[in-house]
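Whatever order the structure lists them in is the order used to number ligands and atoms, beginning at 1.
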Amino acid sequence: MSGVSPGDLPPPAVGPERPRRLRRREALRRLVRETRLAPANLVLPLFVRDAEEGAEPIASMPGCARLGLGPLVEAAREAWSLGIPAVALFPVVDPGLKDPTGREGANPAGLIPRALARLRAEVPDLLRITDVALDPYSSDGHDGLVVDGEVRNDETLPLLARMAVAQARAGADLVAPSDMMDGRVGALRRALDADGHTDVGILAYTAKYASAFYGPFREALDSAPRHGDKQTYQMDPANRREARREARLDLAEGADILMVKPALPYLDVISDLRAATDRPIAAYQVSGEYAMLKAAGRLGWLDEARALTECALAIRRAGADLIFTYAARDLARALG
Ligand code: PBG
């Protein structure tokens, strides 16, 4: 500014409070930081295919692949060595094994039970989380049983229950129903208890929205619905209060951990559920959120590492205790 010297400026109108005082040095910022992000907060989702070797890259999810059992164990070992406490498994199912009832999902010799056994033997301390829903196994590509073009709620519950029991028998520590059928948490709890798995926890996908951000995941598993969409069971993205209702039901039915999914577009919902319960809250940074960050990073439009950390912090700040994220290893490495 020509001709203006500091002495000519009006006296400062700043009171005694100066928030910048606490931002002056890195050590000070660290000391007063409200939210922490650590590898212990992360869950790594992994895609497993029925082969011993090999990893097939997933185009829309750079850094992720459909892993044979050997590479699955290696990825799990790496996650554990980075301080990540848990993995969540998703199966790539041979199209020849898919049927309308998703029978393969309850096969004790199926892919997920074999993957669980391998992980239990080779990385025993790492927690194993399994997904409970028909879609990877269903010839209709829906999370529930389709009859006359409609996803049937009550007829789906026993199919989910037998899947959860098969997973528990094979060594799942937490089963995670992602299907959004009404009453499924209670149905799973009763079936698990009746089979002697009182210690196997239920991580409920409590507020799972009908989201466009699941696209890359469905490509990875070839699990997109063959007809229609999932709006008759997944939540309407416009709804916030309804998530509290879902939370109330899942808690009453015995859920141990409540999840919100996707994460970043639903921070208000994470915050609401945090306030509504003393149970742990999980959030799933889904495939499309990951793809978006990776794509912009690759184009040089965003600093990928910083954007990933900022998003994860935002999800924690909103109230999530744990975050499912495909970037778990990147984040854990960056956190040191
Ligand atoms: C299936 C399931 C989905 C995801 C996790 N479990 C997809 C869907 O509901 O269609 C999505 C995860 C992601 O996009 O990363 N029940």
| Beyond-backbone contact of Tyr326 with Pro45, side-chain heavy atoms, under 4.5 angstrom |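 Yes, their side chains come closer than 4.5 Å.
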
Counting only heavy atoms closer than 4.0 Å, does ligand 1 sit against the backbone of [X], its side chain, both, or neither?
X      : value
Val286 : both
Asp131 : side chain
Ser287 : both
Tyr290 : neither

For [X], the ligand 1 atoms whose distance to one of its heavy atoms is below 4.0 Å:
X      : answer
Lys230 : 8 (C), 9 (O), 10 (O)
Ala133 : 16 (N)
Tyr326 : 12 (C), 13 (C), 15 (O)

Can you name the one residue among [options] that meets side-chain contact (heavy atoms from CB on, under 4.5 Å) with [X]?
X      : options                        : answer
Thr130 : Leu116, Asp173, Leu203         : Leu116
Tyr284 : Lys208, Glu289, Met259         : Met259
Val43  : Leu322, Leu174, Ile323, Thr325 : Leu322

Margin query: For ligand 1, which is the ligand I care about here, please tell me if Asp143 has any N or O atom under 3.5 Å from one of the ligand's N or O atoms.
Written below: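 N/O-N/O distance below 3.5 Å exists for this pair.
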
Less than 4.0 Å between a side-chain N and a carboxylate O, is that true for [Y] and [X]?
X      : Y      : result
Asp256 : Arg279 : no
Lys98  : Asp140 : no
Arg77  : Glu74  : yes

[atom]: nearest protein contact (heavy atom, Å):
atom                    : answer
atom 4 (C) of ligand 1  : Lys261 NZ, 2.6 Å
atom 16 (N) of ligand 1 : Ser178 OG, 2.7 Å
atom 1 (C) of ligand 1  : Asp135 OD2, 2.8 Å
atom 2 (C) of ligand 1  : Lys208 NZ, 3.3 Å

For ligand 1, is there an atom lying under 4.0 Å from some heavy atom of Gln234?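 It does, in that a heavy atom of Gln234 comes within the 4.0 Å cut-off of ligand 1.
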
Exercise. Between Tyr205 and Phe324, what is the ring plane arrangement, given parallel below 30°, perpendicular above 60°, and tilted in between?
Worked result: perpendicular

Open item on the list: Just by distance, no angles: are the side chains of Ser139 and Asp99 close enough, under 3.5 Å, to form a donor-acceptor pair?
Closed with: no

